[in-house]
Trainee: 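Below are the structure tokens for one structure; questions will follow.
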Amino acid sequence: MQNHVMNTYGRMPVNFVSGAGSYLTDSEGKTYFDGLTGIAVCGLGHAHPHVAEALAHQAKTLLHTSNLYEIPLQTKLANRLCERSGMDNAFFCNSGAEANEAAIKLARLKGNNEGIKSPSIVVVDGSFHGRTMATLTATGNRKVHAGFEPLLSGFVRAPFNDIAAVEAIAANNPSVVAVMVEPILGEGGIYIPDDAYLTSLRAICDANNWLLIADEVQSGNARTGKFFAYQHTDILPDVVTTAKGLGNGMPIGVCLARGAAANLFVPGNHGSTFGGNPMACAAANAVLDVIDAEGLEERALVLGERIQNGLREELAGRNDIKEIRGAGLMLAVEMHQDIGGYAAKALEQGLLINVTQGNIIRMLPPLTMTDAEADELVSRVVDLIKN
Ligand SMILES: *Cc1c(COP(=O)(O)O)cnc(C)c1O
């Protein structure tokens with residue numbers, strides 16, 4: 001078939017026609033274990049009945065009005081997200097990049113309101129924040145920048161997990177207004193910083209009147225065993241962004257903020273045509289219902305432990321394994337050698353995983369897996385590595 005879609009993705013030669021829970025079926029009738037959930041999007045698995053029901057009902061009732069009018073489902077979602085995050089207000093949009101754009105605009109607005117010339121934001125090497133001009137500039141990966149120069153000004157880079165580097169920036173750079181970090185690097189390869197990292201960043205932000213912005217686009221929505229990954233610590237960020245798992249496949253993003261940052265935007269500063277429309281909010285409200293009803297934060301922890309233990313046991317003694325790591329159901333097996341062909345090999349074996357950085361198997365499986373399905377994921381990944 002002729003294909004007029006722009007060539008922005010290296011696509012695999014498979015076409016899924018339906019899904020149920022942890023499994024997908026392709027156009028030839030072959031089934032696959034979905035160990036990736038569309039990159040941490042379908043955290044409740046495919047065709048979850050409560051989400052499907054909520055969407056079918058909403059589709060028959062009202063898809064969209066406008067942010068010119070009140071949207072009770074949006075207010076309800078904002079209230080629920082603020083209650084579980086410790087944030088005060090929410091701005092809704094349609095993607096992770098847009099949520100981060102809102103956070104960047106908040107930080108710049110704070111700086112400009114305070115008379116800081118050219119306010120800048122500290123960002124981290126190895127991070128991923130999106131593909132818009134501001135968020136690709138914030139991203140700490142040269143490959144994402146390449147060809148799109150000039151990048152935006154107003155970003156200062158620090159190595160990941162390096163508090164001394166951020167302290168040095170604080171000492172030398174009076175234009176900084178915020179630090180933006182992923183509590184766990186996702187696209188960068190599931191790297192988990194030292195326990196004290198976020199707490200130390202919080203202290204630096206407090207001492208310098210900076211905003212701490214947590215990009216939880218991937219790590220949020222119960223994936224790591226708490227609703228947000230920063231909730232494994234005692235600190236609160238000033239701004240939290242999320243998207244991927246929030247709508248279980250309906251596009252929705254949110255920028256949450258606390259304290260003074262929660263009231264920075266006023267009418268005319270920022271907006272979105274689709275952001276937080278009734279359909280997207282019906283999906284996200286249904287996702288929150290299920291996370292609570294099925295205890296998925298706790299399940300993500302239990303399943304993550306089970307999978308890591310299983311992989312450690314089955315892969316013990318192999319000298320091609322560099323590290324098995326994870327937080328809840330953000331999981332990685334880092335190999336010593338290049339495993340560029342593994343995603344295709346896995347696909348052939350009926351398993352969806354992803355390879356990042358050339359040598360890291362990344363798994364982002366459904367939070368709704370049974371124990372038996374978690375064990376199946378372990379044995380399939382072990383098969384992939386051994387055969
Ligand atoms: C995926 C991702 C983004 C970008 O989200 P989009 O919805 O693709 O714009 C931003 N930050 C993190 C941490 C992500 O994983």
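Numbering of ligands and ligand atoms starts at 1, following listing order. Values below: all heavy atoms of this structure, side chains included; hydrogens, waters and symmetry mates excluded.
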Trainee: Counting each atom of ligand 1 from 1 as listed, which ones have a heavy atom of Asn100 under 4.0 Å away?
Mentor: 10 (C), 11 (N)
Trainee: Who's the nearest protein heavy-atom neighbour of atom 12 (C) of ligand 1, and how far?
Mentor: Phe128 O, 3.3 Å
Trainee: Hey, what do you get for OG1 (Thr199) to OH (Tyr197), rounding to the nearest 0.5 Å?
Mentor: 12.0 Å
Trainee: Give the atom numbers and elements of ligand 1 that come within less than 4.0 Å of a heavy atom of Asp215.
Mentor: 10 (C), 11 (N), 12 (C), 13 (C)
Trainee: How close does the nearest protein non-hydrogen atom get to atom 15 (O) of ligand 1, and which residue and atom is it?
Mentor: Lys244 NZ, 2.6 Å
Trainee: Could you check whether Gln74 and Asn277, counting side-chain N and O atoms only, form a donor-acceptor pair closer than 3.5 Å?
Mentor: no
Trainee: Leu367 and Leu303: which non-hydrogen atoms are nearest, and at how many Å?
Mentor: O-CD1, 3.7 Å
Trainee: Under 4.0 Å from any heavy atom of Ser95, which atoms of ligand 1 are there?
Mentor: 7 (O), 9 (O)
Trainee: Can you tell me if His46 and Asp34 form a side-chain donor-acceptor pair at under 3.5 Å?
Mentor: yes
Trainee: Please state which part of Glu182 comes within less than 4.0 Å of ligand 1, counting heavy atoms only: side chain, backbone, both or neither.
Mentor: side chain
Trainee: Using a strict 4.0 Å cut-off to heavy atoms of Gln218, name the atoms of ligand 1 that fall inside it.
Mentor: 15 (O)
Trainee: Using ring pair (Phe, Tyr, Trp, His ring centres under 6.0 Å) as the criterion, list what pairs up with Tyr191, not counting sequence neighbours.
Mentor: none
Trainee: Checking a contact table here: which protein heavy atom is nearest atom 6 (P) of ligand 1, and how many Å away?
Mentor: Gly96 N, 3.5 Å
Trainee: Students often mix this up, so state it plainly: with edges at 30° and 60°, are the rings of Phe16 and Tyr32 parallel, tilted or perpendicular?
Mentor: perpendicular
Trainee: Enumerate the atoms of ligand 1 whose separation from the nearest heavy atom of Ala97 is less than 4.0 angstrom.
Mentor: 4 (C), 5 (O), 6 (P), 9 (O)
Trainee: With sequence neighbours excluded, tell me which residues meet side chain to side chain contact (heavy atoms under 4.5 Å, CB included) with Gln231.
Mentor: Lys226, Phe227, Phe228
